[in-house]
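Taking it in order: structure first as structure tokens, then the write-up.
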Protein chains: 2
Amino acid sequence: MKIDPANPADLSAQIAQAIRNAIVSGELIVDERLPSESELADQFQVSRPTVREALKRLAAQSLIRTQRGATGGAFVNRISFEDAYSQQITTSTLLLSMNAVSFDTACEARYALERACAALSAQRRTADQLATMRAEIFRQAQPGLTDEAFCASDVAFHRALVDGADNPVLSYQLAGAVEAMQPLMNMITFTARSREEIIALHTKIADALEARDAPSVDATLIELETYTRQLARDVAERKRKTA
Amino acid sequence: MKIDPANPADLSAQIAQAIRNAIVSGELIVDERLPSESELADQFQVSRPTVREALKRLAAQSLIRTQRGATGGAFVNRISFEDAYSQQITTSTLLLSMNAVSFDTACEARYALERACAALSAQRRTADQLATMRAEIFRQAQPGLTDEAFCASDVAFHRALVDGADNPVLSYQLAGAVEAMQPLMNMITFTARSREEIIALHTKIADALEARDAPSVDATLIELETYTRQLARDVAERKRKTA
DNA sequence: AGACTTTTAAATGTCAGACAAATAAAATTT
DNA sequence: AAATTTTATTTGTCTGACATTTAAAAGTCT
């Protein structure tokens with residue numbers, strides 16, 4: 001692990017990259033302890049604050065964890081699916097809110113991914129997951145539910161559908177898509193949407209999953225996508241008229 | 001933006017979280033300049049190094065960028081699709097290498113996601129993307145190609161397929177899946193695989209995309225998935241026997 | 001007046017040294 | 001032998017300083 005003093009990039013960024021490479025390449029393995037900050041400072045010929053900045057960069061990516069005390073130090077962290085979820089959701093949310101992504105594009109991606117899970121979910125969903133979906137549908141039908149609560153329940157419903165595929169890798173990959181895009185979609189369409197319509201489609205999906213009828217789940221998700229995109233068009237149209 | 005001095009967590013982590021919240025909530029907008037490090041130190045009642053550690057955490061997530069000089073400072077960064085790609089690939093790669101994810105699980109997820117793109121790609125792929133795929137197939141047929149180069153070409157082929165869907169959100173979501181899993185799969189199966197077989201399937205996929213025949217693309221991807229999983233089983237079987 | 005050069009100020013990047021706090025092992029006492 | 005105290009190590013934080021970069025302001029020359 002070496003750094004280049006001639007490199008114009010920050011020393012702390014270079015050091016972080018060097019350690020990151022060592023982790024990705026397997027040179028440093030999970031739970032292995034890194035040298036102490038002072039030792040790293042000596043190795044890289046920099047000061048301790050610079051080393052610390054590098055370590056904080058890595059900590060922000062969940063690549064290391066630190067512990068104080070006599071036997072403490074920085075340890076290579078085993079990235080958990082939960083760590084990865086939350087990072088993905090943050091990144092996806094900002095990516096969508098900061099870039100001019102059309103509603104159609106986001107919507108298309110979200111449903112394409114969700115439908116990829118649906119077939120597996122139809123085979124494997126547990127009674128528990130189905131019960132979760134029914135419960136969320138029930139919640140969605142409550143009068144006086146705020147838009148935020150309806151949106152959260154919507155996310156929970158789709159999350160249960162995705163988890164029904166019983167594939168943590170798939171769930172992880174979709175976490176960003178569903179959890180980041182759903183609020184965005186709700187924000188755009190909540191003024192126009194009909195809760196009854198959505199609840200009816202959710203019920204149809206739950207019924208199809210209960211019957212383990214994959215084609216029907218797929219068809220209903222397409223219906224839901226079509227409905228959502230139509231809503232967005234209506235909202236855009238109305239906005240155009242008033243302006 | 002406030003921090004809690006009674007909180008046992010690192011001050012720099014708390015400060016990073018406070019600023020992160022301000023960005024996600026829209027309180028700080030893209031390209032907006034944060035207060036200088038000294039000002040932040042005053043605001044949060046901590047020292048400058050602590051503030052700097054917090055800012056480095058945010059920089060590691062591409063949430064801010066810094067610039068030196070008179071009009072410099074830390075600015076809220078517009079996360080690009082490229083930033084998001086590379087973060088996703090790093091995270092996904094480590095997630096898979098550090099956790100006991102079965103080959104079947106990873107493989108299933110990867111092909112489920114890729115097939116989600118295939119239908120769109122069949123409609124929309126450009127001549128250029130098709131040409132890329134053909135070129136990669138040609139490269140894969142070269143004798144004397146190293147396993148690493150074959151693997152890289154394999155990734156490029158599938159990447160072109162995914163990009164054919166012409167949906168950047170979808171491409172971003174799949175980058176992690178395809179680029180992180182493909183090397184893993186190749187590592188496991190390269191001893192046993194038949195390049196001819198893979199090239200034949202790639203050709204079949206390219207032909208189907210050229211004909212814009214979505215069902216055929218889907219079917220061939222299933223074939224490829226089946227072949228890959230069979231390979232993994234063979235390798236595991238052989239390993240079991242020799243042991 | 002206008003173009004060029006020099007100066008200055010502000011900001012991040014880096015360093016050195018110090019102390020605080022946490023933690024576990026070692027030493028001591030009961 | 002058990003409980004307590006001491007000690008060493010390590011991360012967390014602070015203070016203050018200097019280096020470097022950068023753009024604006026001031027100054028100078030034509």
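Lettering of chains follows the sequences in order, A, B, ..., and the numbering in each one begins at 1. Because the structure is a prediction, the values reported are computed rather than measured.
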Legend entry - Results of side chain to side chain donor-acceptor pair (under 3.5 Å) for B/Ser121 - residues two or more places apart only: none
Legend entry - salt bridge (charged side-chain N to carboxylate O under 4.0 Å, His left out) partners for A/Asp42, two or more places apart: none
Inset, instruction - Scan residues 33-43 of chain B against DNA chain C and write down, sorted by residue number, each residue with any heavy atom closer than 4.0 Å; if none is found, say none. - result: B/Arg33, B/Ser36, B/Glu37
Inset, instruction - Only counting residues at least two apart or in another chain, list the ones meeting salt bridge (charged side-chain N to carboxylate O under 4.0 Å, His left out) with A/Asp163. - result: A/Arg159
Legend entry - Of all pairs that satisfy salt bridge (charged side-chain N to carboxylate O under 4.0 Å, His left out), the ones with a partner from residues 88-101 of chain B, not counting sequence neighbours: none
Could you list the protein-to-nucleotides 23-27 of chain C atom pairs, N/O on both sides, closer than 3.5 Å?
| from | atom 1 | to | atom 2 | distance (Å) |
| --- | --- | --- | --- | --- |
| C/dT23 | O2 | A/Ala70 | N | 2.9 |

Each nucleotide N or O in nucleotides 14-17 of chain D that has a protein N or O under 3.5 Å away: list the pair and distance.
| from | atom 1 | to | atom 2 | distance (Å) |
| --- | --- | --- | --- | --- |
| D/dC14 | OP2 | B/Ser47 | N | 2.9 |
| D/dC14 | OP2 | B/Ser47 | OG | 2.9 |
| D/dC14 | OP2 | B/Thr50 | OG1 | 2.8 |

Legend entry - Pairing residues for B/Tyr172 by the ring pair (Phe, Tyr, Trp, His ring centres under 6.0 Å) criterion, not counting sequence neighbours: none
Legend entry - Sub-4.0 Å heavy-atom contacts from residues 53-65 of chain A onto DNA chain D, ordered by number: A/Lys56
Legend entry - Under the salt bridge (charged side-chain N to carboxylate O under 4.0 Å, His left out) test, residues paired with A/Arg68 that sit two or more places apart: none
Inset, instruction - Report the residues that fulfil side chain to side chain donor-acceptor pair (under 3.5 Å) with B/Glu237, sequence neighbours left out, ordered by chain and then residue number. - result: B/Arg240
Inset, instruction - Report the residues that fulfil salt bridge (charged side-chain N to carboxylate O under 4.0 Å, His left out) with B/Glu37, sequence neighbours left out, ordered by chain and then residue number. - result: B/Arg48, B/Arg52
